[in-house]
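First the structure, in the form of structure tokens, and then the observations on it.
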Amino acid sequence: MAGTLSPASSVPDGHTQHSPAGNLRVSEIFFSLQGETSRVGLPTVFIRLTGCPLRCGYCDTEYAFHGGRSLSIAEILTEARGFGVRHVTVTGGEPLAQRGCLTLLRKLCDAGYSVSLETSGALDVSEVDMRVSKIMDIKTPGSGEVGKNRWSNLSHLTAHDEVKFVLCDETDYQWAVEVLRQHKLDILCPVLFSPVHGTLDPSTLAEWILRDRLPVRMQIQLHKLLWGEGPGR
Ligand code: SF4
């Protein structure tokens, strides 16, 4: 899900899915540049939680579906603190698939971090701490998971959240434009249009956006420009 390759990452050390009560399964905690969203380029600690109930065709974080370490929230906070920066992104997989994610988000905010959450849009975001910036996907037909969109989530977004469409082709683009207009998303919060790396030519997407005068921000995953293929959503 998350937008970075990790120059300094900790690797999953097991394949057991069971964790002690209160613990979270964590695929990796690493430090890199934020590759997407309005926070692009900011040195950021990434906390990637294990597991996702979706199977998007373009997913490049399949390694986060299983395994990972069982860590308490205190242990996660200690690791995050070790990187010495104030921006933290909680990602996956689908981080909200683990109930303890809500507590982790709250405690990160309490500790003074500027926190963003990368979520698929398929799970309820209503209980996410209001201090967290939610980066919420709306899954397109090309993802293969359009039926998983939880449309009621839109009513829980505010101006400091962002909606993201990952686009495979022109059919996805036209679908996203229709959703954008129907739900007036650009009034709700910033809207991101992102081409699937290696599938939709970024310059083609740019031309469509300019042609249609869309009130969206186009983004290209910075980490893939810097470091090539790697995790991204
Ligand atoms: S792209 Fe994100 S939501 Fe889709 S399968 Fe991969 S981790 Fe899950």
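Whatever order the structure lists them in is the order used to number ligands and atoms, beginning at 1.
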**Request:** Indicate whether any N or O donor in one side chain lies under 3.5 Å from an N or O acceptor in the other, for Ser70 and Asn23.
**Result:** yes
**Message:** Only heavy atoms of Ser120, strictly under 4.0 Å: list the atoms of ligand 1 that pass.
**Reply:** 3 (S)
**Prompt:** Would you say Glu62 contacts ligand 1, with heavy atoms under 4.0 Å as the rule?
**Reply:** no
**Request:** Identify, by atom number and element, the atoms of ligand 1 in contact range of Cys56, meaning under 4.0 Å from any of its heavy atoms.
**Result:** 1 (S), 3 (S), 4 (Fe), 5 (S)
**Asked** Taking all atoms of both residues into account, what is the closest heavy-atom pair of Thr37 and Gln219, and its distance?
**Response** N-OE1, 2.8 Å
**Request:** Decide whether a cation-pi geometry holds between Arg131 and Tyr113; the criteria are a distance under 6.0 Å from NZ or CZ to the six-membered ring centre and an angle within 45° of the ring axis.
**Result:** no
**Message:** If you compare all heavy atoms of Asp161 against all heavy atoms of His156, which two are closest, and at what distance to 0.1 Å?
**Reply:** OD2-O, 3.9 Å
**Asked** Could Glu127 and Arg106 be called an ion pair, given the rule that one side-chain N must be under 4.0 Å from one carboxylate O?
**Response** no
**Mode of Lys139 contact toward ligand 1 - side chain, backbone, both, neither (heavy atoms, under 4.0 Å)** = side chain
**Message:** Any N/O/S atom from Cys52 (main chain or side chain) under 2.8 Å of atom 8 (Fe) of ligand 1?
**Reply:** yes
**Request:** May I ask which of Ala122, Cys59, Gly57 has a heavy atom nearer to atom 6 (Fe) of ligand 1 than the others do?
**Result:** Cys59
**Message:** Using a 4.0 Å cut-off to any heavy atom of Gly93, which atoms of ligand 1 qualify?
**Reply:** 7 (S)
**Prompt:** Going by the angle between their ring planes, with limits at 30° and 60°, are Phe165 and Phe193 parallel, tilted or perpendicular?
**Reply:** perpendicular
